[in-house]
Number of protein chains: 2
Amino acid sequence: MLYAGFMSAAPPSAPTPQEPVESPQLLQLGLDDEPCLRADAARNRARLLEAAAGLVAARGADAVTMEEVAAAAGVGKGTVFRRFGDRTGLLMALLDHSEKKLQAAFLSGPPPLGPGAPPAERLRAFGRAALRRTVEDLELQLAAEADPGRRFTLPPYRVRHHHVALLLRQAVPDADCDVLAHTLLAQLDPALIHHLMHQCGMPPQRLEDAWTDLVDRITGTTA
Amino acid sequence: MLYAGFMSAAPPSAPTPQEPVESPQLLQLGLDDEPCLRADAARNRARLLEAAAGLVAARGADAVTMEEVAAAAGVGKGTVFRRFGDRTGLLMALLDHSEKKLQAAFLSGPPPLGPGAPPAERLRAFGRAALRRTVEDLELQLAAEADPGRRFTLPPYRVRHHHVALLLRQAVPDADCDVLAHTLLAQLDPALIHHLMHQCGMPPQRLEDAWTDLVDRITGTTA
DNA sequence: CTGCAAAGCGGACCCCGGTCCGCATTGTGT
DNA sequence: ACACAATGCGGACCGGGGTCCGCTTTGCAG
């Protein structure tokens, strides 16, 4: 399970010794953020998030430029990138709160989402929850989708994948659950949701039904 | 089924009256390309493709810049964009030939890929073929992935989706085949393939097996 | 062969994401 | 209180994708 570098042919010579960003690669399991920054840094971070949220809300995620955010927060462009790594990082930070809430719910909340219900049941609940959460701020999720290559290595995805794979192993021990989990998660991909809802005009209910049906087929359960 | 604009909040005022590009939005069903260009245009197009192919082969897809391609072909940058629309367009044009071949094979080739075999059988064959074809030039496919939003509206994807949905409707008439087809196709996504093979170290055989297994589970077949 | 509209060309230009590095701010040890 | 690392800041800078518009080429009609 080495989740290292990944840039195709980039020489891994110097592992870029300066890289605070945030939670560089590790699983974000809920409650680790903000590794005690310096006073001014913390203040700027807060300002940036606020400014970004405001601009995004006002003009839509992909009409907002990094420089604008910096300006609105009253800091320099470099500061934004130092803190959040890149555009995707900033956008993800904006989504972080609600993602954490979802994570908490399916990792340790009450059944059927959390532990306690049978796996197939939990899978169905997971899909419903994730779907609704995604629909809430679709636009932002969409804009936060990194270049296709990184998608699967981003912490939020990894957590979801780990969870779904776990449930699958309980429900269908004879399947290749690692791969299957990716397939299931694909049906919750913001880009797909957007396509189905906004371009094909499907109602959210249909997506929930499709998820349920898929889980039923794969686990062999009949609802 | 309106597949219009799609840019979230962009004013659709002027539908950009000049847009030759190629096969703007329609299904590419095999044999429509090159709507008779002017002599010089055709020559430049050929030169560009050749130059691009050369550079990509030599230095890897994402180390090649549009300006380089233009220079190598002895034309101006503007010409590249006029002909191919954007970077993705150029890359896709490079993949066009092999994609057409695959399309021909599953649309009208011999069974089990083409018509004649039972649907579940055809689905299995489709996955195998698509998988192998994708592995062949993974890097290019990866680089050609557009921004996530456009993925599902690109002609090659639409053709595949249409095909898979058709087979599904025959095999499992009671399911939501439109959505299900997207789910199946997700397992053939170049980005996922790359992740599983190059970052998780899975052998191609395992992906083929996973596809077969998935088809079996969904169609209820046991073969 | 010639004239002329349409089609195509090309490179200067813009924009934006991302980097870099000399300077300013912290906060800690004494 | 002071000095001095370490940490962070910021804006000049760069590279590459994509656009624009005046000029050239093409090829058709007469």
Side-chain angles (χ1 to χ4, degrees), chain A residues 7 10 14 16-22 34-48 51-52 55-56 59-92 143-147 150, chain B residues 7 10 13-22 34-48 51-52 55-56 59-92 143-147 150:
Chain A
M7 287 304 289
T16 43
Q18 85 295 21
E19 272 299 307
V21 190
E22 14 202 84
E34 317 230 7
C36 45
L37 311 129
R38 228 169 68 174
D40 53 352
R43 204 199 40 196
N44 283 339
R45 186 190 134 89
R47 276 191 192 170
L48 280 168
L55 286 175
V56 164
R59 315 214 313 264
D62 43 27
V64 172
T65 120
M66 296 303 269
E67 211 149 9
E68 279 172 340
V69 174
V75 305
K77 198 179 177 181
T79 303
V80 190
F81 285 94
R82 154 169 295 267
R83 188 63 38 206
F84 299 102
D86 60 6
R87 186 183 166 83
T88 296
L90 175 59
L91 264 13
M92 294 222 322
E145 293 249 311
D147 52 316
R150 260 163 68 198
Chain B
M7 286 305 289
S13 49
T16 43
Q18 84 295 22
E19 273 299 309
V21 191
E22 13 202 84
E34 317 229 5
C36 46
L37 311 129
R38 231 170 64 175
D40 52 351
R43 203 198 41 198
N44 284 339
R45 186 189 135 89
R47 278 192 193 169
L48 279 169
L55 285 176
V56 164
R59 315 215 311 267
D62 43 27
V64 172
T65 118
M66 296 302 270
E67 211 149 9
E68 279 173 340
V69 174
V75 305
K77 199 181 178 181
T79 304
V80 190
F81 286 94
R82 153 168 296 267
R83 191 62 39 206
F84 298 102
D86 59 6
R87 186 184 166 83
T88 296
L90 174 60
L91 264 13
M92 293 222 323
E145 293 249 311
D147 51 316
R150 260 164 67 199

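A note on names: the letters A, B, ... follow the listed sequences, proteins ahead of strands, and every chain is numbered from 1. The analysis underlying the following values was restricted to heavy atoms, covering all of them including side chains, and did not include hydrogens, waters or symmetry mates.
The pair B/Lys77-B/Glu68 does not meet the salt-bridge criterion, since no charged nitrogen lies less than 4.0 angstrom from a carboxylate oxygen.
Across A/Ala52 and A/Val69, no two heavy atoms sit closer than the pair CB-CG1, 4.0 Å. The two atoms that bring B/Ala73 and B/Leu48 nearest to each other are CB-CD2, 3.6 Å, heavy atoms only. Across every non-hydrogen atom of B/Ala70 and B/Val80, the tightest pair is CB-CG2, 3.5 Å.
Regarding A/Phe81, its CZ atom lies at a distance of 5 Å from the P atom of C/dG18, rounded to whole Å. Between the P atom of C/dC15 and the CZ atom of A/Arg87 lies a distance of 16 Å, rounded to the nearest Å. Atom-to-atom, CZ of A/Arg47 to C1' of D/dG8 comes out at 14 Å; the value is rounded to the nearest Å. In this structure, B/Leu90 atom CG and D/dG18 atom P are separated by 11 Å, rounded to whole Å. If you take CE of B/Met66 and P of D/dG15, they are 19 Å apart, rounded to a whole angstrom. Atom CG of B/Asp147 and atom P of C/dG17 are 14 Å apart (whole Å). The interatomic distance linking A/Arg82 (CZ) with C/dT25 (P) rounds to 16 Å, in whole Å. As a whole-Å value, the separation of A/Asp86 CG from C/dG18 C1' is 9 Å.
Between B/Thr65 and D/dG17, a side-chain N or O to OP1/OP2 separation shorter than 4.0 Å is present. Contact check, A/Asn44 against D/dG8: no side-chain N or O comes under 4.0 Å of OP1 or OP2. Note on A/Arg83: a side-chain N or O is less than 4.0 Å away from OP1 or OP2 of D/dC9.
DNA chain C is contacted by both A/Glu67 and A/Gly78; A/Glu67 maps to the nucleotide lying nearer its 5′ end (nearest heavy atom per residue).
Residues A/Phe81 and A/Arg87 have side chains not in contact (no heavy-atom distance under 4.5 Å, counting atoms from C-beta outward). Under the 4.5 Å side-chain criterion, counting only non-hydrogen atoms from C-beta, B/Leu37 is in contact with B/Arg83. Inter-residue side-chain proximity for A/Thr88 and A/Arg150 is flagged as met; some heavy-atom pair is nearer than 4.5 Å. The shortest side-chain heavy-atom distance between A/Arg43 and A/Arg38 does not fall under the 4.5 Å cut-off.
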Atom pairs under 3.5 Å: protein N/O with N/O of nucleotides 27-30 of chain C:
residue: C/dG27; atom: OP1; partner: A/Ala39; partner atom: N; Å: 3.1

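Comparing C/dG8, C/dG18, D/dC9 by their closest approach to the side chain of B/Ala41 singles out C/dG8.
Residues from residues 68-77 of chain A lying near DNA chain D, meaning a heavy-atom separation below 4.0 Å, are A/Val75, A/Gly76, A/Lys77 in numerical order.
Remark: A/Met66 CE to A/Thr79 OG1 distance equals 11.5 Å, nearest 0.5 Å.
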